[in-house]
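This structure is a prediction, so every number in the text was calculated from the model and none was measured. Throughout, residue positions are numbered sequentially from 1 according to the sequence presented. Start at 1 and go down the list; that is how both ligands and their atoms are numbered.
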Amino acid sequence: MIPLNGKILLSTLPKIGKDKVIRLSNNQNMPLPLRKSEVFILSGREVPSGFWGYITFNDQSQEYDAPDVPLLCLNSEMSHLTDGDIIRVSNDSKRVRVLYRKQSQHNFILLTEQCNHYCLMCSQPPKTQDDSYLVENTKDVLRLASRGSDEIGFTGGEPTLLGDDFINLVRLAESYLPETALHVLSNGRAFGDLEYARKLAEVRHHDLMIGIPIYSDAPEIHNYVVQSDNALDETVRGLINLSRFSIPIEIRIVLHNVTKDRLLNLAQFVSRYLPFVSQVAFMGLEMVGFARANKDLLWVEPDSYSSQLTEAVEFLSVRNISTSVYNLQLCLMPKALWPFMKKAISDWKNVYEPECNECDVRDKCGGFFSSHIYKKPINIRPVKL
Ligand code: SF4
């Protein structure tokens, strides 16, 4: 597991009264004019001149003469930070948060913690306080992120609660990262307003996908899972409006005890009423946030719903709807499902169990979220081919 939050052991950053977003560099050959906005990662004794600031780990700061430019000393857990990564330094200079890792394929940027759903298994429980600083952070990340990134994501909370600010962030993503795909997680309800869907379409992002959850074809089940009346109706209206503007859509279905019994019905609903979607993703439960609080309500052994899941996946697949399964372990699922199962747990929270070391398919298996310590499937067994 790669920590994304860390302590600052020492800082000579000037007090600026607000968080600061900075990009790190280890490029000693960077042209002088470009150094002024970068923070150099010190290693060895060499201290190249001209950078805005410097960063080191543990107590290595003692080894350097006190510089007359900002110096940050982080705890050693953060020594995974490298060239091109972007961090946020808290306004009291006590903590850092990693916002973007250049080498990672899993950069999701949090746009807001506010939400109009209160999902039973929400991994990022909503908050109501003003968090508009996240919009400013996002602008900084988009400006500083590597042009070579394959994909970045926007997540929340519910990003569309930002209204026009959300549309502007999509526009900025297109402008700063013209070769990078953008994946947005949204409940889709805001797109029930045709004009709002039109505004998004008018950005003409070159590679945009909106990931929208539907948890059941039965409104009372979907609305119960998201804890909001009329949610399914409004989400479906949003999906239809997005399709009018040919904006690609991914349907996301989280698998747990409340959703597992109607997977085939849901697959039939998607194929009949939403055949325009680009892909469907079935996702194993991540045991964080509200999912942990609601563990007794939600947890079900994944192998107990494997036949319903296989039926639903095969139903969609034969109808040419691209379908994938995420966050589940190969040894718990029938071989018929394996071609659809993807390795996709974000690298910083992806772990394996000791028995996985004996497994012949470990390289192909997605493994576990680090949070699986709160609920580990009982039937994990190494696969022998
Ligand atoms: S034993 Fe581990 S690596 Fe092998 S299939 Fe199961 S979870 Fe995956």
**OP:** Please confirm whether Glu353 comes under 4.0 Å of ligand 1, counting heavy atoms of the residue only.
**Re:** no
Original post:
For Glu358, is the nearest heavy atom under 4.0 Å from an atom of ligand 1?
Top reply: no
Original post:
So, do Leu71 and Thr56 sit near enough that their side-chain heavy atoms are less than 4.5 Å apart?
Top reply: yes
**OP:** Check whether any N, O or S atom of Cys365 sits under 2.8 Å from atom 8 (Fe) of ligand 1.
**Re:** yes
Which ligand 1 atoms does [X] reach within 4.0 Å, using its non-hydrogen atoms?
X      : result
Phe368 : 7 (S)
Gln329 : 7 (S)
Pro382 : 1 (S)

Would [X] and [Y] count as a cation-pi pair here, with the cationic atom under 6.0 angstrom from the ring centre and within 45° of the axis?
X      : Y      : value
Arg143 : Tyr176 : no
Lys343 : Trp338 : no
Arg35  : Phe40  : no

What protein heavy atom sits nearest [atom], and how far off is it?
atom                    : value
atom 6 (Fe) of ligand 1 : Cys331 SG, 2.4 Å
atom 4 (Fe) of ligand 1 : Cys359 SG, 2.4 Å
atom 2 (Fe) of ligand 1 : Cys356 SG, 2.3 Å

Subject >> Phe290/Tyr118 under ring pair (Phe, Tyr, Trp, His ring centres under 6.0 Å): CA gap, chis, key distance, verdict >> reply: CA-CA 9 Å; Phe290 287 159; Tyr118 212 68; 5.0 Å; yes
Original post:
Aromatic rings His222 and Tyr215: how do their planes relate, parallel, tilted or perpendicular, breaks at 30° and 60°?
Top reply: parallel
Original post:
Going through the checks in order, is the side chain to side chain contact (heavy atoms under 4.5 Å, CB included) test met by Ile210 and Phe191?
Top reply: CA-CA 11 Å; Ile210 313 287; Phe191 302 114; 4.3 Å; yes
